[in-house]
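To find a chain, count down the sequence lines: A is the first, B the second, and so on, and within it residues start at 1.
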Amino acid sequence: MHPVPRSFYRRDASLVAPDLLNKVLVAGNRAGRVVEVEAYRGSDDPGSHAFRGKTGRNATMFGPPGHLYVYFSYGVHWCANAVCEREGVAHAVLLRAIAPVFGLEEMRAARSRGQKHPVADRDLGRGPGRLCQALGLTREHDGADLVTGDRGVWIMDDGHRPPAIPDVGIRVGLSAGADRPWRYSVPGDRHVSGPLGRPDRPGR
DNA sequence: CTGCCGATATACT
DNA sequence: GTATATCGGCAGC
């Protein structure tokens, strides 16, 4: 069990993304296995926050690889990405879903606040906003180093390999760049969000 | 299960 | 003003 090294991230996000499947995302005393991701390729990708250049929000994407880019979405939810490629090239991999591994009750407490019913295990980390809520990731984790764990957040390799043949599909919630097949997930895993999490549905 | 709606920060027209 | 890398509640099936 060791942190994924910096060199892992210093590549095109569309190559890093499928390799992140089955890695372990750790935040404090909570952890989950990454089962769904999307690649965003900066200035080459009209679906990327970085397509039109650097802003206050996306500055972390332009920094060195192996750091966490966290942004606020729809004025409601946080979403977390692993920054890829060398400094100045704004590639990133959106962490879309985890299968909870450790700290389930902390996750459930974080996810159930202000809700009618306690959240089921399957829904703790199924979706990018839910993933951040379950792990307690917010603005204060933007820029965190995933290799050194300077803010208690790491991506670890426990020897569990990525799927030999991941499910591949189009990215969720975009209009610009919607045609690019840069969404990857672990086949058959029930913690995957959207159509790929429901076998024999469109999107496969 | 599906579809619609509201919440509302950030970036852009 | 409009769009967005989302989610939860509710209506209806």
Between dA11(B) (P) and Phe72(A) (CZ): distance, integer Å: 13 Å
Test: Asp145(A) and Arg6(A) ion pair at under 4.0 Å: yes
Carboxylate-amine/guanidinium proximity below 4.0 Å for Arg183(A) and Asp167(A): no
Most 5' of Tyr74(A) and Gly56(A) on DNA chain B, judged by nearest nucleotide: Tyr74(A)
dG6(B) to dG1(C) separation - P atoms, rounded to the nearest Å: 16 Å
Geometric class of the His49(A)/Tyr69(A) ring pair [parallel <30°, tilted 30-60°, perpendicular >60°]: perpendicular
Sugar-phosphate, base or nothing in reach of Arg171(A), heavy atoms under 4.0 Å: nothing
Test item: Arg41(A) and Ser14(A) side chains (from C-beta on) under 4.5 Å apart, heavy atoms: yes
Residue Val76(A), side-chain atoms from C-beta onward, closest of dT10(B), dA7(B), dA11(B): dA7(B)
Identified stems (criterion: three or more consecutive Watson-Crick or G-U pairs, under 3.5 Å), DNA chain B: B:1-7 with C:6-12, B:9-12 with C:1-4
Atom pair distance, as rounded to whole Å: NZ in Lys54(A) and P in dA11(B): 13 Å
Side-chain donor or acceptor of Asp123(A) paired with backbone N/O of Ala120(A) under 3.5 Å: no
Opening and closing nucleotides of DNA chain C in contact with chain A, under 4.0 Å to non-hydrogen atoms: dT4(C) to dC10(C)
Heavy-atom donor-acceptor pair, Ser193(A) side chain to Arg126(A) backbone, under 3.5 Å: no
Salt-bridge criterion met for Asp158(A) and Arg33(A) (N-O under 4.0 Å): yes
Pair Arg180(A) + Asp44(A): basic N to acidic O under 4.0 Å: no
Sugar-phosphate, base or nothing in reach of Leu94(A), heavy atoms under 4.0 Å: base
Rounded interatomic separation in angstrom, taking NE2 from His49(A) and P from dA11(B): 9 Å
Sugar-phosphate, base or nothing in reach of Gly129(A), heavy atoms under 4.0 Å: sugar-phosphate
Inter-residue atom distance Glu85(A).CD - Phe62(A).CZ, 0.5 Å rounding: 12.5 Å
Nearest-Å distance for atom pair CD/P, residues Gln115(A) and dA7(B): 17 Å
Rounded C1' spacing from dT2(B) to dA5(C) in Å: 23 Å
Residue whose nearest DNA chain C nucleotide is more 5′ - Ala50(A) or His117(A): Ala50(A)
First of Ala80(A) and Val119(A) reached from the 5' end of DNA chain C, by closest nucleotide: Ala80(A)
Sugar-phosphate, base or nothing in reach of Gly47(A), heavy atoms under 4.0 Å: base
